[in-house]
There are 2 protein chains.
Amino acid sequence: MLDVARAAGVSRATVSRVFTAPSSVAEETRTKVMDAVAQLNYVLNSAARSLRSGRSNTIALLVGDIAQPFHSQLAKAVAHAAEGRGYSVLLCDLDHSITRLERLLESLPLQGVDGVILATGDDIDTDAVRAAIREAEERDTKVLLGTPQLAGIATLVMTTDYESVAYQATKHLLDQERWPVALLGGGASSVLSPLLKQGYLRACSEAGRSEADAILAVTEYSTDAARAATQGLLSGPVRPEGIVASSVSVALGAMSALADAGLGTPGQIGLVACEEVLLAEQLRPRLTTVGTKLDLQGAAMADALIDAIQGNSAESRDWVPQLNLRESSAR
Amino acid sequence: MLDVARAAGVSRATVSRVFTAPSSVAEETRTKVMDAVAQLNYVLNSAARSLRSGRSNTIALLVGDIAQPFHSQLAKAVAHAAEGRGYSVLLCDLDHSITRLERLLESLPLQGVDGVILATGDDIDTDAVRAAIREAEERDTKVLLGTPQLAGIATLVMTTDYESVAYQATKHLLDQERWPVALLGGGASSVLSPLLKQGYLRACSEAGRSEADAILAVTEYSTDAARAATQGLLSGPVRPEGIVASSVSVALGAMSALADAGLGTPGQIGLVACEEVLLAEQLRPRLTTVGTKLDLQGAAMADALIDAIQGNSAESRDWVPQLNLRESSAR
DNA sequence: CTGTTAGCGCTTTCAC
DNA sequence: GTGAAAGCGCTAACAG
C-alpha cells in the first residue's frame, strides 16, 4: 500500500480512502491513486482489512441440505447476488443436524462473518439456537431467517407463505372437480407440515368438503417413504383423484407409485408439488408446482442481509407463492 | 487473549502456541490455558490470525453450476470434509461463464484463500485461466483441478475417467444385445464430450460394430435439446435400442421423449446416464448410471487440497467409475 | 480534502 | 518450555 501511496504521491490513508470512501477523495487524487493501483497490480489485503475494520465482507449460508434442488437453486441465487455486492458466501451444509446448526451459529459470528442466512424447513427451535441467534445479533452479526420458525428473534425474516402454497395447490385440484384430494408428506421433522396442513384443510372446507373426508397421508420427506405411502393410498378404500405433495422428493415418490400402478399418464390422478424447482420442467409428466421464484427470493435474501449489514434499512418479507401449471395436473 | 494469558498465568505467546503447536507446550501449562479459554469463552480472531500467519483456513469451491445435482452433491461432500478439517468453504458459482472464472481465479488468491477446487466440465482452456492458475500457485494458493483439462498446470488433479464412463455405459447396453446404441449429448462446450465419444466408440468397435454404424446424436447439455434430439432419433431411419446420455439432464430429456413415444417402460429402449446422482434412484424408471461416488470423490478432493496446503504429500488421482444398474436399462 | 498516528489481535523469531 | 518484542496491512479518529 505504501508503494501505491508513493507512486501516487499521497499518503497511505488516502489510498485506503480511495477504496473505502471514494467520494471523500478529490477526483484528481483518486485517478492518480487508481493509476498507481493498476500499475502495481495492487490488491487490498482482506485479512488486514477485516482485522482493522471488524467486517469481513463475508456472509454464511446455512442450508438444510445442499444436495436438494431447492437449496442448491437458492444457494445459486444467493451466491450471485452476494458476489454482485462484493460479498463472499461461506457454504455450510447442515445436513439436517441441529447440533451442527448450533455449533455453526455459535462459531460463525466469532469467526467473523458479517451475516448469516439460515434456510431450512427443519424444526430448529431449541434454547441453544435461540441463544446463539440472540448472541450473534448482539455481536452485530446480522441473521436472516428463511424459515417460518423463530420469526420474532432475528432482525430479518424472509419466508414463503406455505399455508398459501398448500391452499393453492389443493384448490387447483379441487377446481378441477377432483375428489378426494390427499395431502402427502408432512412428517413431524418439518415445521412446514402444519402450515401445509392448514392450507390444505382451508381449501377443502372452502370447497364444502368436510375435514373428516380429507386424507392426510403423513410420511417422511423421502422419495421412498412417499412412494410407499402413495401405494397405500392407491390400494386403500378411497382412492384419491388428486395428490398434493409437500416437496419435490415426495412428488417423485408419488410419481413412481403412480407409474407403477399404471396411472402415470396425466389426466388420471392430479399431482402438485409444494416447491418450484427447475427439475419440475424436466420430468415427464412435467410437474405442476406451487412456489416462489427461487432466484428472486435468494437474491432478495442476500440483498436484504447485506443492506442490514451496511446499515441501510432492510425489510422482512413474506413471499406469496404462485401456481405453475404443468402436465402432472392436466385434465 | 491477554485475559486468557493472565487467567492461566502465562504469556500471550504461550496461549497462541496452545492453538498453533499444542505439542510444544507442557502438558500442565496446556490444561491451564485450555481451562482459562473455556472459562472466558475465548475464541481466536480469525482475521488477526490470517493477517499474521498468511493462511486463512478457507478454500474456494468453484463449480460450473451449483443448481445441477452433480455439483451440489459434490459441494456437499467438499463442505463436510473441509469442515472436518477446520476449513471453511467459499461457494463460487461459475454459471458456465469463463469470464467469471478468470476473474475469480485472479482475485481469490489475493483475497487470501489457501486453496481452490475447480470443478466443471466446461471448456476453460484460455491463456488467462492458465496464467491465473500459475500465478495462484506462485502465490502459494494450491489449486485442485476436477476436470480433465489443463492437467499439467496445477499441482493437484482429481478427475473421473470419462472415457471409461462412456465405455462401460455403452458396453453394458451392447452386452444386452442392443443395437444400434446412440451416444446422446456431447455439445462442443464440454470437454468431456470427446472423452465420452472415445469410450463409446471403443465399446462399439470391441463389439464388432463399425464406426460407420455408430450414432452420435450431438446436442447441447439441456433437457429440452436432448428431448428434441431423441425425438429425432426415434423418428429417424434407424431407431436405436439403447441410448447413452452424457449427463442426467440429457437423460431426463431422453426419458421425456421416450415417454412421449410410448416407450417409457423399461425393457424397450435401454438408457444409461454418464453421471451418478441421487436423483437416479428417485426417477421412474430408476436411471441406470455410470459414475463415481460423489461423496467419496468430493471428500477426497477437499482432503487432498488441504493436505497440499498443509504441506503434507497429496496425490492426484483418476477415479474409476462404476456401473449402477437400475431399471432404465433393464432387459 | 489529506496526512499523522495509533493500534486491530495474533504469530513468530529470538533469547533465556 | 516459555517470555519479550516486533510487526502482518490496513482503517479511523483527529488535526490541519
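As the structure is a prediction and not an experimental result, all values here were calculated from the model. Proteins get letters first, then strands, A, B, ... in listed order; numbering begins at 1 in each.
Phosphate proximity of dC10(C) to Ser50(B): absent, as no side-chain N or O sits under 4.0 Å from OP1 or OP2. One finds a side-chain N or O of Thr14(A) lying less than 4.0 angstrom from the OP1 or OP2 phosphate oxygen of dG3(C). Contact between the side-chain N/O atoms of Ser16(A) and the OP1/OP2 oxygens of dC10(D) is not found at any separation under 4.0 Å.
Of the candidate nucleotides dT2(C), dT11(C), dG3(D), dT11(C) has the atom nearest to the side chain of Leu44(B). Proximity note for Asn45(B) (side chain, C-beta onward) versus dG9(C), dT11(D), dG3(D): the nearest is dG9(C). Comparing dC8(C), dC1(C), dG1(D) by their nearest atom to the side chain of Ala26(B) picks out dG1(D). Looking at the side chain of Arg49(A), the nearest of the listed nucleotides dC1(C), dT4(C), dC10(D) is dC10(D). In the set dG9(C), dT11(C), dG3(D), dG3(D) carries the atom at the smallest distance from any side-chain atom of Arg17(B). Nearest to the side chain of Arg12(B), among dG1(D), dA6(D), dA12(D), sits dA6(D).
The distance between atom CG of Leu2(B) and atom C1' of dG3(D), rounded to the nearest whole Å, is 13 Å. Regarding Leu51(A), its CG atom lies at a distance of 14 Å from the P atom of dG7(C), rounded to whole Å. Protein atom CE of Met1(A) is 17 Å distant from nucleotide atom C1' of dG7(D), rounded to whole Å. The distance from atom CG of Asn57(B) to atom C1' of dT11(C) is 14 Å, rounded to the nearest whole Å. The interatomic distance linking Lys32(A) (NZ) with dT2(C) (C1') rounds to 11 Å, in whole Å. Rounded to whole angstrom, the span from the CG atom of Asp3(B) across to the P atom of dC10(C) amounts to 10 Å. Here the P atom of nucleotide dC10(C) and the CG atom of Leu110(A) are 11 Å apart, to the nearest Å.
DNA chain D is contacted by both Thr29(B) and Thr20(A); Thr29(B) maps to the nucleotide lying nearer its 5′ end (nearest heavy atom per residue). Residue order along DNA chain C, read from the 5' end via each residue's closest nucleotide, puts Ala47(B) first among Ala13(B) and Ala47(B). Taking for each of Ser24(B) and Ser53(B) the nucleotide of DNA chain D with the nearest heavy atom, the 5'-most of the two is the partner of Ser24(B).
Between Asp303(A) and Arg85(A) there is a salt bridge, since a side-chain N of the basic residue sits under 4.0 Å from a carboxylate O of the acidic one. We find that Lys142(B) and Asp114(B) are not joined by a salt bridge, their nearest charged nitrogen and carboxylate oxygen being 4.0 Å or further apart. Electrostatic pairing of Glu137(A) and Arg134(A) does not count as a salt bridge here, judged by no charged N lying under 4.0 Å from a carboxylate O.
Shortest non-hydrogen contact noted between Ile66(B) and Ser72(A) is O-CB, 3.2 Å. Between Leu105(B) and Val116(B), the shortest heavy-atom contact is CD1-CG1, 4.3 Å.
Residue Arg52(A) places no side-chain atom within donor-acceptor reach of the base of dG9(C), judged by atom type and a 3.5 Å distance cut-off alone.
Counting non-hydrogen atoms under 4.0 angstrom, Phe19(A) reaches nothing in the nucleic acid.
No side-chain donor-acceptor contact under 3.5 Å links Ser189(A) and Asp122(A).
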